[in-house]
2 protein chains.
Amino acid sequence: MATLEEDEVEFRAGDVVRGTSDEVESIYIVKEGWLFSAVELGDGRRQILEFFVPGDVVGLHDLPYEQTSYELVTLTESTLCPFPKERLGPVFETSRAVTGLLFTFSLIDHVIMLDRLKSIGRLAAKDRIAHLMLTVRSRLCITNDELGDHFFFPIPQAEMADALGLTPVTISRSKAELQQEGLIRWQRREVELLDRAALEKRTRFDARYQNLDTSWFTTLCGGY
Amino acid sequence: MATLEEDEVEFRAGDVVRGTSDEVESIYIVKEGWLFSAVELGDGRRQILEFFVPGDVVGLHDLPYEQTSYELVTLTESTLCPFPKERLGPVFETSRAVTGLLFTFSLIDHVIMLDRLKSIGRLAAKDRIAHLMLTVRSRLCITNDELGDHFFFPIPQAEMADALGLTPVTISRSKAELQQEGLIRWQRREVELLDRAALEKRTRFDARYQNLDTSWFTTLCGGY
DNA sequence: AGTGTCACATCACATAGGTTAAACACTGGT
DNA sequence: ACCAGTGTTTAACCTATGTGATGTGACACT
């Protein structure tokens, strides 16, 4: 994996790393910072697709395409390690471990996506917000075992709205209610989940980064 | 690929092929019939995640998990070719072509999923319906070059509702309007898209099965 | 032919969330 | 200390979609 991180590029908060319909040139590994991918609908509406945090691999699913299918924007100052597409072929040929690892990542991402689909399709506004917090927390836990229920969360309300299929006004209203009910507390760019069990129950949350069965690919991955 | 299709199992319309939280035993290749995957929310609500048609590979993204994350149900009489999980490891080791092909499929699926997220998150009811029809059509075109704008479509309104985050009532209303506007016509279990260009524009539809760039994996796939 | 079932259509009414706009509260720069 | 810029909160009002209930037609079984 280290070979994928040779290069390094820095971005400022709010930078567009890559627009929609750019040529697909490389994937990125997030070394530092938070980012999101989104599609614009042209009339001002926007759908945010995924949030990325340090350790994430960005842009894998663009590989089969000539042009990128969404834009990539930083939320905070970020450091990315681009890895050129044309150098991936050789990597796949020589390293089954990397192939298996990336394949596994992409499958897990897909399941996370299905959860988000459920959230947007069938949960009420407050529950969608709760579900997002839980998903982000569980992602952060991978790279930080000791993460409690209180963590850094730099996603502004406008972006939460665009990720959850809501408006900033509804986000604000619903956050206030969750706060009054003593379930979640926000302060500046931090959150605290005050009753995680209750939140997980309400949103039918599943921890997708746990209960993994690595056996299917172990021989390839060399134990991931 | 042929080795993946050795076995065959038949199901009747409405059968549950696999429930949620079953043990992950195999992936399936759809030989005949239409299916969908879904999660139940417990209070009667349900989110349909994906529809599958002949030629689709089902269950790939469950591979990294011990338990299935969604149920799999048939819409019509179906024939599936199950392929056991434990036999996949060896296949990946011996055949880069199959690995690359399945990897590519899973990446494309993911992008289709992102499109559905946009649809559910940001489009109005009528446009979500239109977007679904276009997505299904473009999928059917892969295995049938000559498919026109008139095709078999066996998805009942209750299932369309659960797929699009709407209710059957809204589906019925919106279908009627689309019909009156001369955009889409339904008759029994068939549809006709009367003005595909207009529908694609309204829904910001992208053909995700086209404009593929196979170069990145060609050496592995042997030209897919 | 009669009866049950299932999918779909339609209506009257309720509501979550959208819209618009204004006020408010931080933040960083001068 | 002041200001501009950006994000958040609040309020009054509106509408798309949900709810619940009722009706209709097609098909299957007796």
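Across the protein-nucleic acid pair, A:Q187 atom CD and D:dG7 atom C1' stand 17 Å apart, rounded to whole Å. Between the CG atom of A:L123 and the P atom of C:dG17 there is a distance of 10 Å, given to the nearest Å. Whole-Å rounding puts the A:K126 NZ to C:dT15 P distance at 16 Å. If you take CG of A:L164 and P of C:dG18, they are 10 Å apart, rounded to a whole angstrom. The nearest whole Å value for the distance from the CD1 atom in A:I155 to the C1' atom in D:dG7 is 15 Å. Atoms CZ (B:R45) and P (C:dA16) sit 13 Å apart, rounded to a whole Å. Remark: C1' of C:dA25 and NZ of A:K175 are 14 Å apart, rounded to the nearest angstrom. Atom CD of B:E177 is separated from atom C1' of D:dA16 by 11 Å (rounded to the nearest Å).
Mapped onto DNA chain D by nearest heavy atom, A:A158 and B:S174 fall at different nucleotides, with A:A158 at the one closer to the 5' end. Both A:A125 and B:Q179 sit near DNA chain C, but only B:Q179 has its closest nucleotide nearer the 5' end.
Residue contacts shown for A:G14 are absent, as no nucleic acid heavy atom lies under 4.0 Å away. Within the 4.0 angstrom heavy-atom criterion, only backbone atoms of the sugar-phosphate kind lie near B:A124; the bases stay farther away. Using a 4.0 Å heavy-atom cutoff across all strands shown, B:I171 reaches no nucleic acid atom at all.
No donor-acceptor pair under 3.5 Å is formed between the side chain of A:R12 and the backbone N or O of A:E77. B:Q47 places a side-chain N or O within 3.5 Å of a backbone atom of B:A163 that can act as its donor or acceptor partner. The backbone N or O of B:L35 sits nowhere less than 3.5 Å from a side-chain atom of B:T74 that would complete a donor-acceptor pair.
Using a 4.0 Å cut-off, no side-chain N or O of A:Q157 falls inside it from OP1 or OP2 of D:dT6. For D:dT17, the OP1/OP2 oxygens have no side-chain nitrogen or oxygen of B:T170 closer than 4.0 Å.
Between the base of D:dG18 and the side chain of B:R173 there is a donor-acceptor pair shorter than 3.5 Å.
Scanning all heavy atoms of the two residues, the minimum distance from B:R128 to B:L166 falls at NH1-CD2, 3.6 Å.
Nearest nucleotide to the side chain of A:V169, out of C:dT20, C:dA9, D:dT17: C:dT20. Comparing D:dT10, C:dA9, C:dT19 against the side chain of A:S172 picks out D:dT10 as the nearest.
More than 12 heavy atoms of other residues, nucleotides or ligands shown are found within 6.0 angstrom of CD on B:E192.
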